[in-house]
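To start, the structure under review is shown below, and the notes come after it.
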Amino acid sequence: MPPWLEHFAVAVCAISGVLAAAGRGVDLFGVLVLALVTAVGGGTIRDVCLGAEPVFWIQNPSVTVTALLTALATFVVARFWRMPLRALLVADAVGLAMFTIVGAEKSLQYQESGIIAVILGVITGVAGGIIRDVLCRELPLVFRQETFLYATAATIGSVAYVLLYRFAPSVPMPGLIGMIVILLLRLAAIVWKWRLPVFDSRT
Amino acid sequence: MPPWLEHFAVAVCAISGVLAAAGRGVDLFGVLVLALVTAVGGGTIRDVCLGAEPVFWIQNPSVTVTALLTALATFVVARFWRMPLRALLVADAVGLAMFTIVGAEKSLQYQESGIIAVILGVITGVAGGIIRDVLCRELPLVFRQETFLYATAATIGSVAYVLLYRFAPSVPMPGLIGMIVILLLRLAAIVWKWRLPVFDSRT
Amino acid sequence: MPPWLEHFAVAVCAISGVLAAAGRGVDLFGVLVLALVTAVGGGTIRDVCLGAEPVFWIQNPSVTVTALLTALATFVVARFWRMPLRALLVADAVGLAMFTIVGAEKSLQYQESGIIAVILGVITGVAGGIIRDVLCRELPLVFRQETFLYATAATIGSVAYVLLYRFAPSVPMPGLIGMIVILLLRLAAIVWKWRLPVFDSRT
C-alpha cells in the first residue's frame, strides 16, 4: 500500500467525520474528534482485537496529523464553499475499499482464519463511521438501505480477496482485485440504487 | 463449559440483537452487526481489558459463525412467525448466567482480584446488550427498572461464585452454583417484577 | 501523583456520571455503570491503545471501589440534598487536569511521540465523559460550545506539559505546570464564557 494512498483514505474519512457534524452545534473540538474517530476507529478496533498494540496510529502518528489537518481545513472551507458531495462519495468508496483490504491483509499476516480476516476487514472499513454516527446520535448510516451496499460491498470484496489469497496463489495482487471489487460494487450500487432488504418482524 | 452451551448462549444473544432492530429501518447488514455485537461485545471488552488477546472470538471463530447464522435465520423467520418472546426471555437468562460466570472464571484464571472478577463477569454478561442498545439509540435496557434485576442478578451470582471459589474450595462446581443463582434470581425477578430503585435528584 | 489525588479525581468523575442520569429513569445499576465508565473510560481506551494491559483499574482495583462507593453515596445523597454544582465544576476541572496529564505522562513513559502523548492525554481526560453522554443519549458535552473550553484546556495544558518535558528539562515539575494550565484555563473559560467556534456548513 503506497503511503500517499493511506493518507488519502484517512483524509476522506476525516472529511466525512466533519460533515456529519453539520447542524448539530458541534464545536471545533468536536469536529476534530469526529474526524479522528471516523478515520482511525475501525483500524483501532481491529488492532485491539488482534492484540496488535500499540495500535497503528500510535505506531504511525502521521495519519493522525493528516486527519486533524484535513478536519481543520474542512472546518474552514465548508463555511464558504459547498462541499463537492458527489466527488466525496467516490473518494469515500476508494477509502472504504482501501481500509477494508488493509484490515483483511493485516489479519492474514497474524495467521487468523479466513472468516476472521473478512470480519476484521469489514470492521476496519466501516466501524469508524459507526462510531461517528453514534457520537452524532444517528442510527449508523451503514445499517440503512439508503446507503446502498456500503458494508455489503466491503464484505464481498473482502471475501474475494481472502479466497484469491488462499486458493489462487498464482493470481497476482489479490489485494488490488479485492479493492476494485469493492469500489465497483459500491459505485454501481449508488448509481442503480441497489439495496439490502430491511428487517421486518411480526412481534 | 460444554461447547454446545456456549453456542446456545451466543445464539440467544444474537437473536436479541436482531429483535432490537425491529421497526428501525435496519437492513440485513445492520442486523448481522447487531447480532454479532450483542453476542461477543461483552467478552471482547473483557479480553481487551485483561490483555487476553487475540480476543476469544478470534481464537474460536466458530462462535461468530453461530451468531451470524442465527441472525440470518432470525431475519427470515421473524418475517413470517411471531417470535416466542417468553421462551426467549428464559433462554436469555440462561445466556446471561453463562456469560457472566465464564467472564468471572476467566478473570480468576488471570489471577485478578475478586472485585475485578465480579466486574469483568458482569461486563461479559451485559456489555454486549448495552452496545446493541446504543447502536439502536435506546437507553440501555439494563439501566431501566422494567428490565427486572438483569444486571443485579448477574452481580449477585458473580459474587456468590467468587466467594465460593475463594473461601469454600470444598464446595464442588462453584461456577454451576453461580449460574443457577443468576438464572433463578432473574426468572424470579421477571415473575414477581422485582425492581431496583431509580435515580432521583433534587438538582 | 499522590494516590489521594487520583482517588479524588475518580470520585469527581463518578459523581458527574451519576448526575448525568438525572431524569432519565436510570436505576441503581445504571448509575453505577455510568459512574464507573465516566471515571475509568478514558484511561481504559488509553491503556488499550498503548498495549498497557491489563488496564490500570485491573492493576489497581481500589479506584473501582472508590468510584462505586462514591456513586452509591451520591445516589442516596442526591435524593435529599441539592448537589453543590459550582463546587463540582471546580472539582471536575481538577479531575480533568489530573487525568489529562497522567495520560500524557504514561504515553511518554511508553516512548511515544509528543503528538501521541497529547492525544492520549486528552483521551484520558475527556473520553470517559463522552461515553457517559453516549450512554445517556446526549450529544457529548465536550462537543458543545456551552462547555467552555473543556477539551481545549486539556489540549493546551497537555501540549505545554509535553513541550516542557521535551525541550526544557531544567524546568521542575512540568506535570504540575501542565495541570495548573488546564485548571486555570478551564476556570477562566467558565467565568468569562470563552467558546470555540461551532461548525457551520453550506451543504
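Proteins come first, then strands; the chains are lettered A, B, ... in the order of their sequence lines, and each starts at number 1. This is a predicted model, so every value here is computed, not measured.
Heavy atoms closer than 4.5 Å to chain C are found in the side chain of B:I119, but not in its backbone. Both the backbone and the side chain of C:V26 come within contact range of chain B, each with at least one heavy atom under 4.5 Å from a heavy atom of that chain. Using a 4.5 Å cut-off between heavy atoms, B:R137 contacts chain C through its backbone alone, with no side-chain atom that close. Using a 4.5 Å cut-off between heavy atoms, C:V18 contacts chain B through both its backbone and its side chain. With a 4.5 Å cut-off on non-hydrogen atoms, B:V48 touches chain C through its backbone and its side chain both. The parts of B:L139 that come within reach of chain C are both its backbone and its side chain, each placing non-hydrogen atoms under 4.5 angstrom from that chain.
The aromatic rings of B:F199 and C:F75 are tilted relative to each other, their planes meeting at an angle between 30° and 60°.
Across all non-hydrogen atoms, the minimal contact from B:A35 to B:A67 is CB-O, 4.3 Å.
Residues C:V102 and C:T124 have side chains not in contact (no heavy-atom distance under 4.5 Å, counting atoms from C-beta outward). Side chains of C:F8 and C:T66 form no contact here, defined as non-hydrogen atoms less than 4.5 Å apart. At a threshold of 4.5 Å between non-hydrogen side-chain atoms, the residues B:L141 and B:Y150 do not count as touching.
Side chain of C:E53 to main chain of B:A52: no donor-acceptor pair is present (N/O by atom type, distance under 3.5 Å, no hydrogens or angles).
Of the listed residues (C:I58, C:V65, C:T64), the greatest number of heavy-atom pairs within a distance under 4.5 Å of chain B belongs to C:I58. By number of non-hydrogen pairs under 4.5 angstrom with chain B, the leading residue of C:G23, C:G51, C:G25, C:C136 is C:G25. For the set B:I115, B:V142, B:V122, B:L120, the count of heavy-atom pairs under 4.5 angstrom toward chain C peaks at B:V142. For the set B:P140, B:P197, B:S107, the count of heavy-atom pairs under 4.5 angstrom toward chain C peaks at B:P197. Options C:T44, C:V31, C:L135, C:V134 differ in how many heavy-atom pairs under 4.5 Å they form with chain B, and the most are formed by C:L135.
Figure legend: C:R46 and C:F99 shown without cation-pi pairing, the cationic atom not lying both under 6.0 angstrom from the six-membered ring centre and within 45 degrees of its axis.
C:D47 CG to C:I123 CD1: the interatomic distance, rounded to the nearest 0.5 Å, is 11.5 Å.
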